[in-house]
Amino acid sequence: MRIRVLREPAERERRVALVPRGASTLSDVGHDVVVTAGAGTAAGFPDEAYEGAGAVVTADPGPADLVLAVGPVTVDDVGDTGVVLAFLDPLGSPGEMRRFAEAGITALAMELVPRTTLAQSMDALSSQATAAGYEAALLAASRLPRFMPMLMTAAGTIPPARVLVLGAGVAGLQAIATARRLGAVVSGYDIRPAAKEQVESLGAKFVGGPVAETAETSGGYAGEVDEETRRRQQEALAEAVADSDVVITTAQVPGRAAPRLVSREMVERMKPGALVVDLAASTGGNCELTVPGETVDHRGVSIVGPLDLPSRTAGHASDMYSRNVVSLLGHLTDDEGALVVDPDAEVAASGGVTEDGELVYDRVRAALEDDA
Amino acid sequence: MRIRVLREPAERERRVALVPRGASTLSDVGHDVVVTAGAGTAAGFPDEAYEGAGAVVTADPGPADLVLAVGPVTVDDVGDTGVVLAFLDPLGSPGEMRRFAEAGITALAMELVPRTTLAQSMDALSSQATAAGYEAALLAASRLPRFMPMLMTAAGTIPPARVLVLGAGVAGLQAIATARRLGAVVSGYDIRPAAKEQVESLGAKFVGGPVAETAETSGGYAGEVDEETRRRQQEALAEAVADSDVVITTAQVPGRAAPRLVSREMVERMKPGALVVDLAASTGGNCELTVPGETVDHRGVSIVGPLDLPSRTAGHASDMYSRNVVSLLGHLTDDEGALVVDPDAEVAASGGVTEDGELVYDRVRAALEDDA
Amino acid sequence: MSDAARDLVYLAAAAAFIIGLKRLGSPRTARSGNLIASTGMLVAVVVTLLDLEIIEWWALVAGLVVGGAVGVLLALRVQMTSMPQLVAAFNGFGGAASALVAGAEFIRLEQVELPVETILTMILSVVIGSITLTGSFVAFAKLQGLVSGSPVTYPGMRFVNGALAVGAVGLVVWAQATQEPLAFWLAGGSALLLGILVVNPIGGADMPVVIALLNSLSGLAAAMTGFVITNSALIISGALVGASGLILTKLMTEAMNRSLSNVLFGAFGGGDSGGGSAAETGDATSTSADDVAIALAYASRVVVVPGYGLAVAQAQHALRELMTELEARGVEVAYGIHPVAGRMPGHMNVLLAEADVPYDQLLDLDQTNNLLPRTDVVLVVGANDVVNPSARDDAASPIYGMPILEVDKAATVVVIKRSLSPGFAGIDNPLFYLDRTKMLFADAKKAMTDLVSALETV
Amino acid sequence: MSDAARDLVYLAAAAAFIIGLKRLGSPRTARSGNLIASTGMLVAVVVTLLDLEIIEWWALVAGLVVGGAVGVLLALRVQMTSMPQLVAAFNGFGGAASALVAGAEFIRLEQVELPVETILTMILSVVIGSITLTGSFVAFAKLQGLVSGSPVTYPGMRFVNGALAVGAVGLVVWAQATQEPLAFWLAGGSALLLGILVVNPIGGADMPVVIALLNSLSGLAAAMTGFVITNSALIISGALVGASGLILTKLMTEAMNRSLSNVLFGAFGGGDSGGGSAAETGDATSTSADDVAIALAYASRVVVVPGYGLAVAQAQHALRELMTELEARGVEVAYGIHPVAGRMPGHMNVLLAEADVPYDQLLDLDQTNNLLPRTDVVLVVGANDVVNPSARDDAASPIYGMPILEVDKAATVVVIKRSLSPGFAGIDNPLFYLDRTKMLFADAKKAMTDLVSALETV
Amino acid sequence: MSSLLIVGITVFVLASFIGFEVITKVPPTLHTPLMSGSNAISGITLVGAVIAATAGGDVLATVFGFLAVTTATINVVGGFLVTDRMLGMFRRPKRPDEEAS
Amino acid sequence: MSSLLIVGITVFVLASFIGFEVITKVPPTLHTPLMSGSNAISGITLVGAVIAATAGGDVLATVFGFLAVTTATINVVGGFLVTDRMLGMFRRPKRPDEEAS
Ligand SMILES: NC(=O)c1ccc[n+]([C@@H]2O[C@H](COP(=O)([O-])OP(=O)(O)OC[C@H]3O[C@@H](n4cnc5c(N)ncnc54)[C@H](OP(=O)(O)O)[C@@H]3O)[C@@H](O)[C@H]2O)c1
Ligand SMILES: NC(=O)c1ccc[n+]([C@@H]2O[C@H](COP(=O)([O-])OP(=O)(O)OC[C@H]3O[C@@H](n4cnc5c(N)ncnc54)[C@H](OP(=O)(O)O)[C@@H]3O)[C@@H](O)[C@H]2O)c1
Ligand SMILES: NC(=O)c1ccc[n+]([C@@H]2O[C@H](COP(=O)([O-])OP(=O)(O)OC[C@H]3O[C@@H](n4cnc5c(N)ncnc54)[C@H](O)[C@@H]3O)[C@@H](O)[C@H]2O)c1
Ligand SMILES: NC(=O)c1ccc[n+]([C@@H]2O[C@H](COP(=O)([O-])OP(=O)(O)OC[C@H]3O[C@@H](n4cnc5c(N)ncnc54)[C@H](O)[C@@H]3O)[C@@H](O)[C@H]2O)c1
């Protein structure tokens, strides 16, 4: 099978979908790996490294059976191929999905790989969220015009920074762990009841607030919450936010706009010099004032909406993504190395968006019909 | 006494010499504190806060008995005053010191306050180095395209980053502590024999290398080392540097150019994506490739020579500096609140550079005579 | 040989028993303690023979030969797993011996008018010895599976036992007052019956405690025999065993979280496979911190597999402490980290870094699986899914195919968690029911603290 | 009252002594143990009186009244600091009593031909009692300062003592063989002398060990008296005290890191102010982990002052563990952080954060100094300059004027470091020589581990 | 009551105290061996059995004596042997610091 | 040797065993009180003293008896009292979990 590794089209994207080690694994099992020149440079993997791993590096790679990318990518980006595997954001851009279907390209979305115990090695959402959570905490620490840890020095006692993490999924938990490592006093909050124990298992405090038994959908995701819960949430969080030096928000609901957790009023009650880091910026942000990709200063409080967090640790993030991809391909290929997308096998079924020129993912179809 | 707080002239300087809490302490003991408008804004202390603390905020503060600044400042910056207290870099700019003497201004250099147990509360070198060391480690962590801590995940095992800190003074130790907090494997090195125990007291490894009993001068500073020691040092460090993902250098010798510890060859043996953070950039740098204030990329290795590290945590750095200043003034004023620069009292004697229109600091005089 | 010299030798033998018994209480000295005690026994028997005016030879020689042969045979042939029942049988023989000696003395002195205290101790010796005899053999039969190990009860059981006990006491009083042989033998007979009836209702799982108690009784019987024949060696050793047996019984009930009256009169107990000192929960074998501490201390390599439970209990510092202690004792330790242990990538790394565990002790999946077959004890601390063998063995399992830490390859598996409830994946874990697996049911932090203090006494 | 009944009561009294002694070994039960033992004593004396055929009244009554009055007076009046010498004096009286009883018996039976063993035990009783008497009073005099507490030696001392001992043994043999009064009394006299000569060369600091040993001897004397008057109460209690006294002596020498022969024949010892069980280093009082553990366990507030030594020893985890244990026991704990403790700003914060000490337990200089006067025990762990009172009191000190943690305001100060050597500033620390300061000389990590295990036995 | 009895009681009580004291905290793994060892000690009744078997007189008494010797010997010999077998499992690995000496 | 002596020796040995066992690990703070308490117990010789003082006969013996009663009483009464005084210092703060019950 001819596998092409894309040079990422997005401007700030520094990651690469396959690292040289992954390329060599795939070559070893008989695939032809073709890498667009310069694809890995930004992540610290020079073209020579790919060549050393048995891949062909070329500026114009031509047609392929499978295109690998981090994403998101369009039909134009992938060119002539049978299958594309990337973060495709199918729910965010259903139109693009239809275009894949029309072009006869089977689209596999990394974000649709199920979040089960079994599939964890293919779970790129988790691996990239790990990087994002870690970088979010570091970003907060270096942007903050104060120390994170407590320091009792001859020049006075510096109290520890208070960090509040809203949304304790993979990224949130990693942010909690990293901020705790730096010595901050950390609390966390999530709508899912199971999150309390998980937050506390990292030595952080759980902020009392509404949790909804029903909030956890199958697969561990949170669902959307009703208006009443939202109101009680805001009340409960208002104090905690005002007391914090750093608020890191990571709350997401798959396929929906990010829940609005931090309002303008809440920001206004924060101390000057305080910081909000919004990891949900790409889906609209958990903070009312977030501008995706930019830093807003509101009455002395900075609201950062970074879009490139995993790219900030591009080397390891690509490494993990690449392993996820290789592991997934291991599941999707048969003994001869041909790709078999079997809609009944759980892993593939949930990853597939289009197949044989058809949209097979209900929610995308639904989204398109809504539009129409 | 009329005390003026300067708005720092240096471009990237975000600190302020006196924070509102310090201003209120000084007002309370009867001083008139005048603050140049906007002096504290960048550090997170708005003008109103100073007014609330009993200070007068004005755009054109006029003459004063004492000028406070972080520094460095010139005769022109301070205007009409009897005494100036700041980091004056007397050994780096002896000419400016002569100009202070000629202008009849008593110049007190913060860096000349002795580093004794007793004087620690006035020791601004220590407090600012604390901020610098902390920020250096954070800078390294966020610049590094990889994780600091070890992570064993479903997407592979990520080994911990290796951090090497050269020069284990105040900043070096703080950098060690911060990098350890983040989970890196840290080693340290210093020429002073006492540093080994101190490095190990933070749980880090001491890199075997030459230590020189004679290297420690009175006051705990390192002296210059001879050529032979330098050669052995380079040999011993070459391996350690090559193995490291991050090298943070902090070696300084007061009044001299920073010792050259990391050569071009050593950098070239480092892995692509590795990082050198040189805290000695302002005195020429410990790394051959350092360009002060800039980031150089040399064959995939970044060499960062930041000049504004304490300013990155401007709020707390200013807070600590301000306490140092207030504490020093407490020592230098008599019961009526008048400044008494007694050349015999240890603290003042070592802080004073010029007095009654004379240069009183031997080494500055010597430097000037060398020039002449 | 003078009586005085003989008595001093008896005293020395008794001292040997005391020292031997003390040394039996600690793993390091137990073997030498047994040797000392047995030497004391040899000396006591030899000095008795030397001192004796022997009128009849045959009974002595025949008894020694037959008894010795049977004893050696049983001791060497029986399988390790049948130890508890063997001890029960030996104990029964000991009780029988005491009863027989007192009986023989009674017969011999039938015509002599005896002082009250002599008759009393004789009867007590016979009664206690008889209860020990039959009680022990019922225990033996239950453990050996000759009769059902489950508690056997019937309506009115307590009443019958009570009546029998009262009857036996009445017979003792009667015999003691009149030196009437009928009463004497009836008392003995009812004691035999009582032994059966009291032990029969008790379940197999509780048998070890019952044997310990019967052991204490057999000591008491020997002491009573000592009163009968006025022999201080018997009195001292008998009292020693009687008292220490009681303490041991108490220790054993405590280890099982039971009370003695609960065992004796509760008439309930676990299933029919009660072996050793381990209590049962379902089919999983539970164990105690003390036992785990011994296993750890005597291992040469220990691998820890931490999981989400370690994080929930925030037991990382205590775990580190335990491992440091083991290292100081020369045990090789390592931590086997499964990539998805915990609830976020790197969860275990965060915890263990906080506790300052050296990075080079952290092994990843493959390294750990290479090491496990050469590992003496693997300590699974609050992990579950990541050590679930059905991911490897059971194609029907929802996690089939996930790589796991194959802890079942290690010689002994100790799992520390609070219950048998499942982990994140919500599926049952066959590991818990393996023979080589011992469950230590406790909060992970508490377990660690207990293990550290238990280790000090090993 | 029958002899049998009396003997049974004696047995009960002996049992009370055993139980009492056992309970005296643990702080929680010690007081009740003393009560039980004294009740046993009362019972034993009363039953003796009831059983007695009293021929002479006056000696009994006078003795009880005088002895009782003196005993009460001494016990209640003497200052707590003089306890060791008081115990020595009481012990001397006990030895005297045993010797006197045996002497009286000898006089009474002078005309009767006695069996060898009776004379032997009589002489042993007199000899051991006499050594105890004079030895104890020399110890008393040394501790009380009546004679110099420093070791008194002279050339040929060992030879003289040896000769005297051989002579005494000769006299014993002679008296025992002939029942010759002269030999009997001479043996007693030489024992009196021997007591003086053996104890005199030993230094004051070692006296507590000597008293423990003499206590064991006085038990032995009582046991011998028991043989003389064939009284099992005396034999049992005497043997009990004799044996437990030996163990106690061993424990005490171990606590001082000495060996017994070293104490008895080394003829060296600390200065002349040896009090309690504390060894001396210069003028600073050193202490043991066991004692510190008790002080901590019985405190209601403990403040820890960490310093550079904590970092060097990397003892932060162990320290945290100790404090957690104390908290679990209901002790309030806090950490007093001096701004310049360690070698870099925030050094202590780094360590304590690593060990996960809750931030709200970290107090800064002022908070700590406010709390210290209301603190029972302050534990200074590897800190030195930051707790140096000369910064406050001594205008000539190079660090005069630096704010310090005023740990000398707390009730008890425990300083943990390896030696008396100075810290960073290179100046001596008068804190170490205060009365309320106890030095625990050890590596900080080792000390913490020791304290944790010591705490378990409290 | 005879003084012999009193002596017996005294000895009995003292030995019981020793029995109570001598065993304190025993790890559960040692429970069975300890029970087995102390059970073997209670076979001291063999001394009585020997006397009963050799004293002559009534044949029934001698038969009783024979049985007593047999059972007691089983108890003693078997008990000590089996205890030793059980304790065979306690062999500790050499510590690094022990290997030196 | 008389059997009384043998009995005495037996009792002595057993009691010594108890003495050795009964004291194991005692914290140093308790060393002095423990010594004092066990010293008071050795004042049991008072029982002998009482007998010696009341048996009559030789006056010297009675005088010895008087002295013996006096010294033994000091030892016993003073010893127990002073031990109690020393132990007065062990009063522990109530634990939070104890206060409930
Ligand atoms: N690593 C990740 O990124 C990630 C993310 C999400 C989900 N997961 C999933 O989480 C699972 C991780 O496996 P795991 O073995 O670490 O955990 P697990 O399978 O969830 O089992 C944890 C066990 O710890 C025990 N436990 C909980 N609290 C305890 C306490 N205080 N003391 C002692 N034991 C305690 C529980 O048993 P008791 O209740 O009986 O005590 C539970 O069975 C996998 O299924 C994985 O797929 C992982
Ligand atoms: N905080 C800062 O920024 C900074 C920077 C530089 C200098 N200093 C100076 O450092 C001093 C800090 O005071 P401090 O009280 O923390 O420390 P210190 O005065 O230096 O005393 C530390 C003590 O710890 C003991 N120690 C060392 N290793 C030990 C071990 N393994 N176990 C137990 N004890 C050990 C040493 O005594 P033994 O050898 O007897 O064990 C030593 O006396 C001040 O003088 C301060 O001015 C501070
Ligand atoms: N089976 C596995 O091994 C495995 C692996 C990785 C993740 N997971 C599970 O997947 C789930 C989702 O993880 P994720 O990080 O991708 O989630 P995500 O990125 O979709 O959302 C982040 C977090 O935001 C929370 N959130 C959503 N709406 C909220 C609101 N209104 N208020 C507060 N919080 C809100 C969610 O509960 C979630 O924890 C988790 O339950 C995680 O445990 C399972
Ligand atoms: N008395 C006090 O309380 C107190 C307070 C603060 C600092 N100090 C002491 O002051 C001293 C200087 O601290 P600083 O941070 O200001 O120092 P610095 O900034 O002048 O130098 C930084 C470090 O570089 C090291 N160095 C110099 N030349 C080197 C070479 N060729 N190779 C390797 N290392 C080299 C120095 O030894 C020093 O540790 C330290 O000893 C410190 O302990 C004392």
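Lettering of chains follows the sequences in order, A, B, ..., and the numbering in each one begins at 1.
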Contact winner vs chain E - Leu214(C), Asp290(C), Val116(C), Asn215(C), heavy-atom pairs under 4.5 Å: Asn215(C)
Close side-chain approach of Trp58(C) and Thr62(E), heavy atoms under 4.5 Å: yes
Side-chain heavy-atom pair Val72(C), Leu81(E) within 4.5 angstrom cut-off: yes
Heavy-atom closest pair, residues Ile41(E) and Met41(C): O-CE, 3.5 Å
Any donor-acceptor pair under 3.5 Å from Asp84(E) side chain to Asn34(C) backbone: no
Spacing of Leu46(E) atom CG and Leu234(C) atom CG [to the nearest 0.5 Å]: 9.0 Å
Separation of Ile211(C) CD1 from His31(E) NE2 (nearest 0.5 Å): 14.0 Å
Stepwise side chain to side chain contact (heavy atoms under 4.5 Å, CB included) check, Ile51(E) with Thr48(C): CA-CA 8 Å; Ile51(E) 295 170; Thr48(C) 308; 4.2 Å; yes
Options Ser36(E), Ser16(E), Gly65(E), Gly37(E), ranked by heavy-atom pairs under 4.5 Å with chain C, top entry: Ser16(E)
Test applied, side chain to side chain contact (heavy atoms under 4.5 Å, CB included); reference residue, Thr70(E); option that passes from Val66(C), Val70(C), Leu100(C): Val66(C)
Contact summary for Ser42(E) and Ala222(C), nearest pair of heavy atoms: O-CB, 3.8 Å
Most chain E-contacting option - heavy-atom pairs closer than 4.5 Å, from Gly95(C), Ala13(C), Ser38(C): Ser38(C)
Side chain to side chain contact (heavy atoms under 4.5 Å, CB included) between Val22(E) and Arg23(C), intermediate numbers included: CA-CA 9 Å; Val22(E) 101; Arg23(C) 298 177 75 88; over 6 Å; no
Winner by heavy-atom pair count (cut-off under 4.5 Å) against chain C, out of Thr54(E), Val13(E), Thr73(E): Thr54(E)
Arg108(C) side chain to Ala52(E) backbone, donor-acceptor under 3.5 Å: yes
Most contacts with chain E, counted as non-hydrogen pairs under 4.5 angstrom, among Gly92(C), Ala14(C), Ser98(C): Ser98(C)
Among the listed options Leu67(E), Val63(E), Leu14(E), the residue most often paired with chain C at heavy-atom distances under 4.5 Å: Leu67(E)
Verdict with reasoning, Leu76(C) to Val82(E), per side chain to side chain contact (heavy atoms under 4.5 Å, CB included): CA-CA 7 Å; Leu76(C) 299 186; Val82(E) 91; over 6 Å; no
Region of Val76(E) in contact with chain C, defined by heavy-atom distances below 4.5 Å: side chain
Residue, of Gly40(C), Ala37(C), Ala96(C), Gly33(C), that accumulates the most heavy atom pairs under 4.5 Å with chain E: Ala37(C)
Non-hydrogen side-chain atoms of Tyr10(C) and Val47(E) separated by less than 4.5 Å: yes
Options Leu74(C), Thr225(C), Leu251(C), Ile229(C), ranked by heavy-atom pairs under 4.5 Å with chain E, top entry: Leu251(C)
Top contributor to chain C contacts, counting heavy-atom pairs under 4.5 Å, from Thr83(E), Val50(E), Ile74(E), Asn75(E): Ile74(E)
Part of Ala40(E) within contact of chain C (heavy atom distance under 4.5 Å): backbone
Top of Ala72(E), Ala49(E), Gly48(E) for chain C proximity - count of heavy-atom pairs under 4.5 angstrom: Gly48(E)
Of Val65(C), Leu64(C), Val61(C), the residue whose pairing with Val69(E) passes side chain to side chain contact (heavy atoms under 4.5 Å, CB included): Leu64(C)
Spatial distance of atom CD (Glu21(E)) from atom NZ (Lys22(C)) [nearest 0.5 Å]: 9.0 Å
Interface residue of largest heavy-atom contact number with chain E, from Leu52(C), Leu49(C), Val45(C), under 4.5 Å: Leu52(C)
Atom pair CD1 (Ile23(E)) and CG (Leu21(C)), whose distance is rounded to the nearest 0.5 Å: 4.5 Å
Heavy-atom closest contact (Ser26(C) atom, Leu30(E) atom, distance): C-CD1, 3.5 Å
Shortest non-hydrogen contact between Asn39(E) and Ser218(C), atoms and distance: OD1-OG, 4.0 Å
Chain C contact via Ile44(E) - which portion, at a heavy-atom distance below 4.5 Å: both
Short side-chain to backbone donor-acceptor contact, Arg85(E) and Val78(C), under 3.5 Å: yes
Side chains of Ser38(E) and Ser244(C), donor plus acceptor under 3.5 Å: no
Within-4.5 Å side-chain heavy-atom neighbours: Leu24(C) and Leu87(E): yes
Shortest non-hydrogen separation from Val101(C) to Ala68(E) and the atoms involved: CG2-CB, 3.8 Å
From CA spacing to verdict: side chain to side chain contact (heavy atoms under 4.5 Å, CB included), Phe12(E), Leu220(C): CA-CA 10 Å; Phe12(E) 182 83; Leu220(C) 212 58; 3.8 Å; yes
